[in-house]
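I have placed the structure first, in the form of structure tokens, so that the comments after it can refer back to it.
Computation of the quantities below employed the complete heavy-atom set of this structure, encompassing side-chain atoms and omitting hydrogens, waters and symmetry-equivalent molecules. Residue numbers begin at 1 in each chain, while the letters A, B, ... track the order of the sequences.
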Protein chains: 2
Amino acid sequence: MADINVSQPPHANAADPDPAAAGAAVPRPQTDLIELLFFAYRNFVSDPDKVLQGFGFGRAHHRVLHFVNRHPGMRVTDLLDILRITKQSLGRVLRELVDGGFVDSRAGSSDRRQRLLYLTPKGATLARDFVAIQSQRIERALAACSPGAREDVRRFLVAMIDPEDQAAAEKLIARADQAALSGGQRPGKAPARPR
Amino acid sequence: MADINVSQPPHANAADPDPAAAGAAVPRPQTDLIELLFFAYRNFVSDPDKVLQGFGFGRAHHRVLHFVNRHPGMRVTDLLDILRITKQSLGRVLRELVDGGFVDSRAGSSDRRQRLLYLTPKGATLARDFVAIQSQRIERALAACSPGAREDVRRFLVAMIDPEDQAAAEKLIARADQAALSGGQRPGKAPARPR
DNA sequence: GAAAAAAGTCAACATGGCTGACATAAATGT
DNA sequence: ACATTTATGTCAGCCATGTTGACTTTTTTC
């Protein structure tokens, strides 16, 4: 498993008056967090990646599955706003997901230009698997922290978002949670996952 | 600026007996953090992206600049272990960085098969710019949190890494900090680039 | 009835991953 | 001394996913 391991050559340390090393890392305050974010995020997305490979899908498909799962009946435009990619890019993965029977796209009833996006049961299962996998990693990480850490982490992540988008992001999350709770789909079918 | 804004169509809520929407978003515990990580990380890497565009470079170049800056004199193999990409992928961006005068690659003195990587002053300036930009975002985010949050966030990020890599990642960060402190280069001095 | 909006599509291109096959130089082991 | 291994580099091609630009169809809105 390819250890992250730099064999610092002896002459690169204090003894060498090496000028080419000049201007190198002044240990700026946040360097540790910068690198940890890189390593952590890489591992974080690698979990779904492994599963996706089995379907011939990639990260782009994961994102679509996730957000359609969270916002059933959303418009294509809404998805484009969230993902911030072009409709051509989205079109490709969306077509593959529809062809594969993971996503269902139906014309809106009030506005029939719209294609409203839903997951099929197959797609929903996959999307829930991904949430489960990544939640597991997050839960494990939080378990290694002090009890109040979750709120700190949450606030930190919100504040890492561009300020002008923070409110929208929080609202988006809240609305999806709300919709899911209020039986966004089929009042009879138990969401079965309280908490 | 493309508000993240899903217009939840009315019929997507309780009224629609839609079977395709079945099994949709159960509000799993960590969904908020999953999505926040996505939004936060996207913005986090977008800062350097903008600067890199001006040089015709991409994210891959950023990573190389960053880690060579942090570990002056590192071997190509070390960089491959950190980035976990193939040498062919690295080779491309490395060549461009050397050609552009951002990275300097010199044969090792003890083992002359090795190419030891250093940043030129030009490269070091760019690398430091990136650290500054991203540190600024992190500092702003931390300022929005409780005082003890930094330690929580740090521990959280470490724990988000694959367990078998956590120690190596922390060691890597510590070693780079250490090397920088022990005068790999004199602080504050913009050294000429001899040799 | 004209204009705007929602969605889709074709074509071409860029970036940055990947595999496989080799080539070269230098160090190491026998 | 020679064989092997290691460190690096390189060519060629493929894949996933992003981009621009141009254009169409359908439907809604003014």
Pairing of Arg42(B) and Asp165(A) as salt bridge, 4.0 angstrom limit: no

Thr86(B) side chain near dG17(C) phosphate (N/O to OP1/OP2, under 4.0 Å): no

Interatomic distance, Asp99(A) CG vs dT9(C) C1' [rounded to whole Å]: 14 Å

Touch class at under 4.0 angstrom, heavy-atom based, for Gly91(B) against every strand present: nothing

Whole-Å distance separating the CG atom of Leu52(B) from the P atom of dG18(D): 18 Å

Rounded distance (Å) that lies between atom C1' of dG16(C) and atom CZ of Arg42(A): 15 Å

Salt bridge flag under 4.0 Å for residues Asp81(A) and Arg84(A): no

Ser89(B) vs dG16(C): side-chain N/O to OP1/OP2 distance below 4.0 Å: no

Phosphate-side-chain proximity, His61(B) and dT15(C), N/O vs OP1/OP2 below 4.0 Å: no

d(CD, Glu96(B); C1', dG17(C)) in whole Å: 14 Å

Which atoms of nucleotides 20-22 of chain C (N or O only) lie under 3.5 Å from a protein N or O atom, and what are those distances?
residue: dG20(C); atom: O6; partner: Gln88(B); partner atom: NE2; Å: 2.8

Note, Asp162(B) side chain near Arg137(A) side chain (heavy atom, < 4.5 Å): yes

Spacing of Leu116(A) atom CG relative to dT27(D) atom P, expressed in whole Å: 14 Å

Proximity of His66(B) and Phe130(B) rings by center, below 6.0 Å: no

Side-chain heavy atoms of Val64(B) within contact of Leu97(B), under 4.5 Å: yes

Distance, rounded to the nearest Å, where Leu79(B) contributes CG and dG16(C) contributes C1': 15 Å

Cation-aromatic face contact Arg106(B)/Tyr118(B), 6.0 Å, 45 degrees: yes

Arg95(A) CZ - dG8(C) C1' separation (whole Å): 9 Å

Matching residue for Asp32(A) among Lys171(B), Arg154(B), Arg155(B), Arg175(B) - test: salt bridge (Lys or Arg N to Asp or Glu O under 4.0 Å): Arg154(B)

Atom-to-atom span, CG of Leu90(A) to P of dA16(D) - whole angstrom: 17 Å

Pair Phe102(A) + Phe57(A): ring centers closer than 6.0 Å: yes

Of Arg92(B) and Ile85(A), the one whose closest DNA chain D nucleotide lies more 5': Arg92(B)

Sort me out a list of protein N/O and nucleotides 25-27 of chain C N/O pairs below 3.5 Å, or just none if empty.
residue: dA27(C); atom: OP1; partner: Arg112(B); partner atom: N; Å: 3.1

Beyond-backbone contact of Leu65(B) with Leu126(B), side-chain heavy atoms, under 4.5 angstrom: yes

Side chain of Gln114(B) - closest among dA7(D), dT20(D), dG8(C): dA7(D)

